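Below is one structure, written out as structure tokens; comments come after it.
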Amino acid sequence: METKRFVLLDIDYITEGDKAVVRLFGKIKGDEEGKSIIVLDKNFKPYIYVVPRDIETCADDVSELEVESVEWVRKNDNGQDKDFLKVILNHPQDVPKLRDIIRDLESVEDIREHDIPFYRRYLVDKGIFPMSEVEVDGKCLTGNDVKFSCEEDVCIFQMEGEPRPLESEFPELKILSFDIEVRNPKGMPQAEVDEIIMISLSSNQGLEKVISTAKSSLDFVETVKTEARMLERFVEIVKSENPDLLIGYNSDNFDMPYIRDRAAKLGVKLKLGTDGSQLKFMRRGFANAGLVKGRIHVDLYLLMRRYLTLDRYTLERVYRELFGEEKRDIPGDEIFEYWDDGGKKLEMLFNYSLDDAVAVTKIGEKMLPLSLELTRIVGQPFFDIARMTTGQMVEWYLIRKAYEYGDMVPNKPSSSQYSQRRHKKRIAGGYVKDPVKGLHENIVSFDFRSLYPSIIISKNVSPDTFVEECDEDTCHIAPEVGHKFLKEPVGFVPSIIGNILKERVRIKTQMKASENPREKQILDVQQQALKRLANSMYGVYGYSRFRWYRIECADAVTAWGRDFIKKTMKKAEDYGFKAIYADTDGFYATYIEDDD
DNA sequence: GGGGGCCGGGG
DNA sequence: GTGTACGGCCCCC
């Protein structure tokens, strides 16, 4: 038996025979530092919970079906302990196959936790976190024992027992950015006819390169004979650089699909994965996501839309916002002219293209740490986190916490519940005072951005403490709307926000005490991530798609918020401030100086 | 006023 | 993949 320690980069599962095998993709720590590893776990089974009408009949009925086994469990469901059946299935794909049959059984009232992807279930149940270190016992496999074709220098490891999470430093990650240019003389590029003319690459460890079919005296340009060869070189460089993160700008929507289409046309295999697999795509609603196994493809465009508030999100605009300097730009419809020119203008095009890749690396270095910390806190793969809304992150964080607390996760709304929620009269939002016109001096701002989390904690606003009938002794009663929340016990969401805020205070203290600048910086990002999470937590009550949706909770929080902001403004006026403008989580006031 | 359709980024 | 998901704006009735 051997032990391996690695940074968990990604996770998925494959099927061997009729069994699911979980694969943990990582980068080894300690001996063999930096080498890629794929850890196989054959011993995790999918399951769902069943709410029985009559538990014994129900257990019999379910056992008749093609299931692995049935267990009786007791779990807390929205504040009450109840009996459930845990139905363990043979394969993850049996879940969608069998859940409707199970739900329709006469002895079954409902099914729960039936739509949690297998790899996410694994991360939650095993208590391990992507971008953190994990330790496993087991043995190395040779190529013949492995069912997928893999590069020979990747360690394939058969796990035995349980993975162990380790307290770990923030890992040093290798970033490789890429950007393609296309010769499109007419309209937007069409992969059917418009060739890729260059691929630019930039890493956070100094690589700066442009691969192209054109010759150049510029030393960062590598010339290849054909476009097919260019794509092959791209794959070779990705493999030899072996980055943890592959990043682009709008690459989910443009670069990745374009590379795929051209490669298909030219007969080039894009074996970019550490397991030797080809570039894949995942449907994600309105956008597909480019997937490279064992590395994490991140599209910065999506992240910038989330983190920055701008009128536009072009690479140039984002770069200017973050670094305060202009980046040169060639309009897309002129690129072919620069290419065809072959001289000075082509040289400009090479520089521009490399600049784009370098800018992506710089933006990534600045903006990725926050998402990486959120990954370590929420505990879902970085690939997913980078494509989630904050609301979804909150939900997955709560799912993990529900498991830790022994709580049953609420179901997602059915489509009819969803449209009911959407059509309910919108709740009153934050307090808004229209601005007083004019130019004001001596402005002070009062910021209550953390107001909602504090209200949720102090008023114990949670779906499991919400009650219809109650008096002021045992309940907090919201102003205006009158919703009631038990003072005791502490609700699920208030308890979690309380822990987040406590943890944040601990990290801030540690940060202030730290002498190490790198550590200080990491701790600072950690506390920012916790703040973000705490401040987004309120959203789960008011967003119609969420499992913990409870409009009365959202309604009560904003009611207490308005109450609080108005009282504070009143207080401020007593001290000589005059409110000019207020909106939800803060207000601006001028200080009226005494004339005497 | 609310439902449907389109767009964002990329070249 | 234990899927199929955004939010803002414009137009139109």
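Below, chain A is the first sequence line, B the second, and so on; all start at residue 1. Source: prediction; values computed, not measured. Values below: all heavy atoms of this structure, side chains included; hydrogens, waters and symmetry mates excluded.
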Checklist entry - With sequence neighbours left out, which residue pairs that include part of residues 179-195 of chain A fulfil the side chain to side chain donor-acceptor pair (under 3.5 Å) condition? => result E181(A)-S353(A), R183(A)-D340(A), E192(A)-K265(A)
Item to check | R545(A) side-chain proximity, nearest of dA5(C), dG3(C), dG8(B) | outcome: dA5(C)
Next on the checklist: Please give me every residue in residues 116-123 of chain A whose heavy atoms get under 4.0 Å of an atom in DNA chain C, ordered by residue number.
Outcome noted: I116(A), P117(A), F118(A), R121(A)
Next on the checklist: Distance to the ring centre below 6.0 angstrom and angle to the axis at most 45 degrees; does that hold for R305(A) and Y307(A)?
Outcome noted: no
Ignoring hydrogens and angles, write down the donor-acceptor pairs under 3.5 Å from the side chains of residues 328-338 of chain A, residues two or more places apart or on other chains.
unit_1  : atom_1 : unit_2  : atom_2 : d
R328(A) : NE     : D355(A) : OD2    : 3.2
R328(A) : NH2    : D355(A) : OD2    : 3.1

Item to check | Cation-aromatic face contact K362(A)/F323(A), 6.0 Å, 45 degrees | outcome: yes
Checklist entry - Name the stems that DNA chain B belongs to, where each is three or more consecutive Watson-Crick or G-U pairs with both distances under 3.5 Å? => result B:1-8 with C:6-13
Checklist outcome for this item: Expected list for residues 180-198 of chain A near DNA chain B, using heavy atoms below 4.0 Å, is I180(A), E181(A), V182(A), N184(A), G187(A), M188(A), P189(A)
Checklist entry - Among F254(A), F234(A), Y258(A), which residue meets the ring-ring contact (aromatic ring centres under 6.0 Å, His included) test with F178(A)? => result F234(A)
Checklist entry - In terms of ring plane angle, is the pair F492(A) and Y405(A) parallel, tilted or perpendicular, where the classes change at 30° and 60°? => result perpendicular
Checklist entry - Base, sugar-phosphate, or nothing: which does Y47(A) touch, judged by heavy atoms less than 4.0 Å apart? => result base
Checklist entry - With respect to the phosphate group of dT2(C), does any side-chain polar atom (N or O) of K45(A) fall under 4.0 Å of OP1 or OP2? => result no
Next on the checklist: Can you pull out the residues from residues 304-316 of chain A that lie within a 4.0 Å heavy-atom distance of DNA chain B?
Outcome noted: R305(A), R312(A), Y313(A), T314(A), L315(A)
Checklist entry - F84(A) ring centre to R112(A) NZ or CZ under 6.0 Å, with the angle to the axis within 45°? => result no
